[in-house]
Amino acid sequence: MNFVFLKKIRIALSLLFFIAIILLFLDFIREYDGFLSSLILFFQFIPSGLRFFALFFTFSAIGFIIVVFLTLFFGRIYCAGFCPLGTLQDIFSFLAGKIKKSKYKYDSNSHDFIRYGLLIITFFLLIFGSTIAANFLDPYSVFGRGASNIISPIYVGINNGIALLLEKNNYYLIKPKTFHAVEVDYLILSIILFLLAAVLAAVKGRIYCNLICPVGSTLGLISRLSLYKLKIESDNCSGCGLCATKCKANCLDSETKTIDYSRCVMCFNCAAECKPKAFRFIRSKNIKPHVKINNNSSKREFIRKALGGIMGAISVSALIQRRENSGCGFVPVLKKFPVSPPGSQSIEKFSTYCSACSLCVAVCPTKVLRPSLFEYGWAGILQPVMDYNISFCNYECTKCSEVCPTGAIAPITLNEKKIIKIGSAVFIKDNCVVEVKRTECGACSEHCPTKAVKMVPYKGLYLPEVEQDICVGCGACEFACPTVPFKAIYVKSAEIHKKAKPLKKEIIEHNIDYKEDFPF
Amino acid sequence: MDRRDFIKKGISLGLTIGAAPAFMKYADIYSKGVFNEYDLVAVKGGEPEVMFDKAISEIGGMGKFIKKDSKVLIKPNIGWDVSPERAANTNPKLVSRIIKSCYSAGAKKVYVFDNTCDNWEKSYKNSGIEKAVKDSGGEMVPGNAERYYQNVEIPNGVKLKTAKVHELVLDSDVFINVPILKHHSSAELTIAMKNLMGIVWDRGYWHRNDLHQCIADFVNYGKPTLNIIDAYRVLSKNGPRGVSEADVIPSKSLILSRDIVAADAAAAKIFGKEPKNVRYINIAGQNKIGNINLEELAIKRIIL
């Protein structure tokens, strides 16, 4: 067995996924997002698992089952080749190794209490319908938040910097990009987890994977039973102990020539370095091929459950801006529930299946999606919410549903999206410019893509009126409404998404005579 | 001193010595006497580019307005993420033909932008204007960041005293306003004057503080060199965004004038509205920004 070659394949595979996922988050390959993201994120364990249940056992979500089977055959190759956070850790380990020539050491303590404790907590929370722990600890989502909150802003900053330099010389070649909105707390949180994994990796190897990561622990349990395992042949081993110093999972004991398979991430670093070629990748003798794995099968019982206390924090509609005293907009707007993106079907379902990876936030063209804080309740922290103070949902766009790896935002066609009612516009007459200042405004109606908000004659002016049947809750009216501090029109969330009526098309009768003279 | 400082200082200097603001500077070189005998040209019954060619030749060609190596800014309406057939944005064929005609008149560079309402990248793309501009050698400029906009003062503004205006407007030698004639839910109509809302940053202020008055006030800041109104397809209801192609009437008309008020008045007539009943046109007419009384103008009418 050529382990040097195996290691090269592992590195190539991991870098391929790593770079592809980063490009996805930087919105690089926007034209083919839907297809590519489903391809690139196919094997991501937790998103794929969530998708399986969110979309009712769809074929597009069997990635995690394949990963389970691969693990049953070859051990934790997900950790070695597919996991972007794993690759990130390897990159940091590699760079740290260049600087201080670090050597790893076998750790006899596998910290089962911590890693299985965290796994059990995650698992039970999932059973009770909360993805909070899975969201926090899922390596792909941790990576995604890092990518959208650290890597993406750096990229946007550099892009805009170059754009600015060129603009100074009147070249408008590079399009300036918009930073997506972030909550400061959220930013700090995602940076901490992201950097924690990276720094731990630089110091001690794959600590995150073997101590914290619920996917790592799950696959660790499965890989104990895997069909093929790495073995050290005592006959060939010279006992030099080099292999143990290369083991970034700290799971190889060169004294007893044993490997803790539950921690081994199948990187082949040990075997590739072995001078006497003592390593073999062979069928495990004590294998029980058709064992039901408790932990995994119970994941299948994953049920949708009420979130209990979604008491969305009351979000005050607008920041008081230091602008001219407009004299209107003083009736407070109180929002009870957050608005979830079209395709998510209901707040409850969305909150149950979203792993908060932030990919939708990263690719949303209007940047109306932002990570939430407590809008979905404590259990839904970090899951994205539609913020109509920042922007509004583009009527002709289904991007978030195309990229969502977990199915929390189910795939929808554009025609389906156009009649999904995610909320209803509510008009507050006492905040409206037309009522208070008696001048024309109509910004809300102007922006409305369905003309659900229309202007009706009112005291010699035009006043907005909402036709609920055709309002889809896109938030264009709320965004456009100019009153401060509170808006005169806002979107009230539909906890369970509804269907809006399709638009009526009334053909206008006209018989234009192009030879007729002008009316002036 | 960087370019923006230069512009800012230039503007404030210009205002203090009573000179015309930047985008008028070139327009004013041509006094009425030098200019052609027609105040307004109206064309009907052709394709957008054909109607434009007719109209511009009637007033002596683009060369009348464009000196060699000048910088030209074209401001179409690109407000919405909809296709050209929906008539919410200026016709891309018309924009393309104007750009080409500017280049043949000796323009050094032609820029195009709008501060869009829908997402700017999607609006630029789906309006067909981005492609039309690139294909005809013009440059599509973003208008989506506040940093592009410079503070200017509006002389004689009743409600609107200052506004933030896109740097290209301050920076260009020639400014060509290319709106589309549309129904508007609150302003009644959106034509040439209303189209200038797309060169400013904070439109919310206008909406809060008497929309009609602000539209009329802003023209005091400066008038475009030329107004070319696209009325090939006219959004007759559900404006300014429209809901479907069913809202569109194929009027196949075009209006060209240096007088922004006259242009709006003529377009309003085509739409079937009395100009005096559209408040901002009426205010602008009363303020003598332009002539609202079409019977007082020399109009060239062409029916193809």
Side-chain angles (χ1 to χ4, degrees), chain A residues 160 163-164 167-173 175-176 178 323-324 326-329 365-367 391-392 394-397 433-434 437 439-443 445-451 453-455 461-462 464 476 480-484 503-508 510 512 514-520, chain B residues 2-3 42 44-45 71 81-82 109 111 117-119 121-122 126 139-142 144-145 147-148 171 184-187 203-213 236-253 265-266 269-270 272 279 294-295 299 301 303-304:
Chain A
N160 291 1
L164 188 68
E167 279 162 21
K168 289 228 176 223
N169 300 301
N170 274 356
Y171 289 105
Y172 296 88
L173 296 171
K175 289 180 173 178
T178 317
R323 269 194 276 194
E324 89 293 350
S326 69
C328 45
T366 69
K367 304 293 173 205
S391 186
F392 59 94
N394 184 290
Y395 190 59
E396 309 282 338
C397 172
V433 170
V434 181
K437 302 185 103 177
T439 59
E440 219 61 271
C441 173
S445 165
E446 210 178 83
H447 281 68
C448 179
T450 66
K451 273 285 178 288
V453 183
K454 54 184 185 220
M455 304 303 287
L461 299 164
Y462 292 102
C481 179
T483 63
V484 282
L503 298 176
K504 303 164 269 198
K505 289 176 188 170
E506 291 159 18
I507 306 288
I508 304 157
H510 60 78
I512 297 169
Y514 296 112
K515 296 294 172 199
E516 195 189 15
D517 207 3
F518 289 94
F520 46 81
Chain B
D2 71 6
R3 191 165 58 94
K44 192 175 180 183
K71 258 173 101 172
D81 176 19
V82 295
K109 189 92 198 170
Y111 298 95
C117 298
D118 274 337
N119 176 262
E121 282 180 280
K122 288 178 82 82
N126 297 332
E139 185 148 353
M140 205 69 207
V141 177
N144 64 320
R147 65 181 156 89
Y148 296 124
D171 216 13
H184 194 281
S185 48
S186 56
R203 291 187 286 244
Y205 181 92
W206 297 37
H207 277 280
R208 276 192 299 272
N209 295 281
D210 195 348
L211 183 61
H212 283 284
Q213 185 65 51
S236 65
K237 62 172 188 180
N238 290 329
R241 195 185 191 280
V243 170
S244 74
E245 283 177 40
D247 301 336
V248 178
I249 289 181
S251 292
K252 290 199 182 178
S253 305
K269 288 259 192 189
I270 288 180
R279 201 174 134 233
L294 295 173
E295 56 275 16
I299 299 178
R301 299 171 180 83
I303 293 179
L304 293 171

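Below, chains carry the letters A, B, ... as their sequence lines are ordered, and counting in each starts from 1.
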* Asked: Is the shortest side-chain N to carboxylate O distance from Glu167(A) to Arg147(B) below 4.0 Å?
  ->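 Answer for the salt bridge query: yes.
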Please flag which part of [X] lies under 4.5 Å from any non-hydrogen atom of chain B: side chain, backbone, both or neither.
{"X": "Ile512(A)", "result": "side chain"}
{"X": "Tyr462(A)", "result": "side chain"}
{"X": "Thr450(A)", "result": "backbone"}
{"X": "Cys481(A)", "result": "neither"}
{"X": "Ser391(A)", "result": "neither"}
{"X": "His510(A)", "result": "side chain"}

Please classify the contact between [X] and chain A as side chain, backbone, both or neither, with a heavy-atom cut-off of under 4.5 Å.
{"X": "Lys237(B)", "result": "side chain"}
{"X": "Ser236(B)", "result": "side chain"}
{"X": "Ala42(B)", "result": "both"}
{"X": "Ile270(B)", "result": "both"}
{"X": "Leu304(B)", "result": "backbone"}
{"X": "Asn238(B)", "result": "both"}

* **Heavy-atom pairs under 4.5 Å with chain A, option from Ala265(B), Pro240(B), Ala145(B) with the top count** =>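 Among the listed options, the one with the most contacts to chain A is Pro240(B).
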* **Among the listed options Gly45(B), Ser253(B), Ser244(B), the residue most often paired with chain A at heavy-atom distances under 4.5 Å** =>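 Of Gly45(B), Ser253(B), Ser244(B), Ser244(B) has the most heavy-atom pairs under 4.5 Å with chain A.
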* Asked: Taking all non-hydrogen atoms of both residues, which atom of Phe520(A) and which atom of Arg301(B) are closest, and how far apart?
  ->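 Residues Phe520(A) and Arg301(B), closest heavy atoms: O-NE, 2.8 Å.
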Any side-chain heavy-atom pair from [X] and [Y] closer than 4.5 angstrom?
{"X": "Glu440(A)", "Y": "Arg279(B)", "answer": "no"}
{"X": "Asp517(A)", "Y": "Ile303(B)", "answer": "yes"}
{"X": "Arg241(B)", "Y": "Pro449(A)", "answer": "yes"}
{"X": "Lys44(B)", "Y": "Phe518(A)", "answer": "yes"}
{"X": "Asn394(A)", "Y": "Lys122(B)", "answer": "yes"}

Does [X] use its side chain to pair, donor to acceptor, with the backbone of [Y] at less than 3.5 Å?
{"X": "Lys437(A)", "Y": "Arg208(B)", "value": "yes"}
{"X": "Lys175(A)", "Y": "Val141(B)", "value": "no"}
{"X": "Ser186(B)", "Y": "Cys441(A)", "value": "yes"}
{"X": "Arg203(B)", "Y": "Pro482(A)", "value": "no"}

Identify which of [options] forms the greatest number of heavy-atom pairs closer than 4.5 Å to chain B.
{"options": "Ile508(A), Thr366(A), Thr178(A)", "answer": "Ile508(A)"}
{"options": "Lys515(A), Met455(A), His447(A), Glu516(A)", "answer": "His447(A)"}
{"options": "Val434(A), Leu461(A), Val433(A)", "answer": "Val433(A)"}

* Asked: By salt bridge (Lys or Arg N to Asp or Glu O under 4.0 Å), which residues pair with Lys451(A), not counting sequence neighbours?
  ->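 Lys451(A): no salt bridge (Lys or Arg N to Asp or Glu O under 4.0 Å) contacts found.
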* **Atom pair CD/OH of Glu139(B) and Tyr171(A) - distance to nearest 0.5 Å** =>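 Those atoms lie 8.5 Å apart.
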* Just checking, Lys252(B) and Tyr514(A): is the charged tip under 6.0 Å from the six-membered ring centre and within 45° of the axis? ->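 Positive - Lys252(B) is close enough to the ring of Tyr514(A) and near enough to its axis.
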* To do: Could you tell me how the ring of Tyr172(A) sits relative to the ring of Tyr148(B): parallel (under 30°), tilted (30 to 60°) or perpendicular (over 60°)?
  =>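 If you compare the ring of Tyr172(A) with that of Tyr148(B), the planes turn out tilted.
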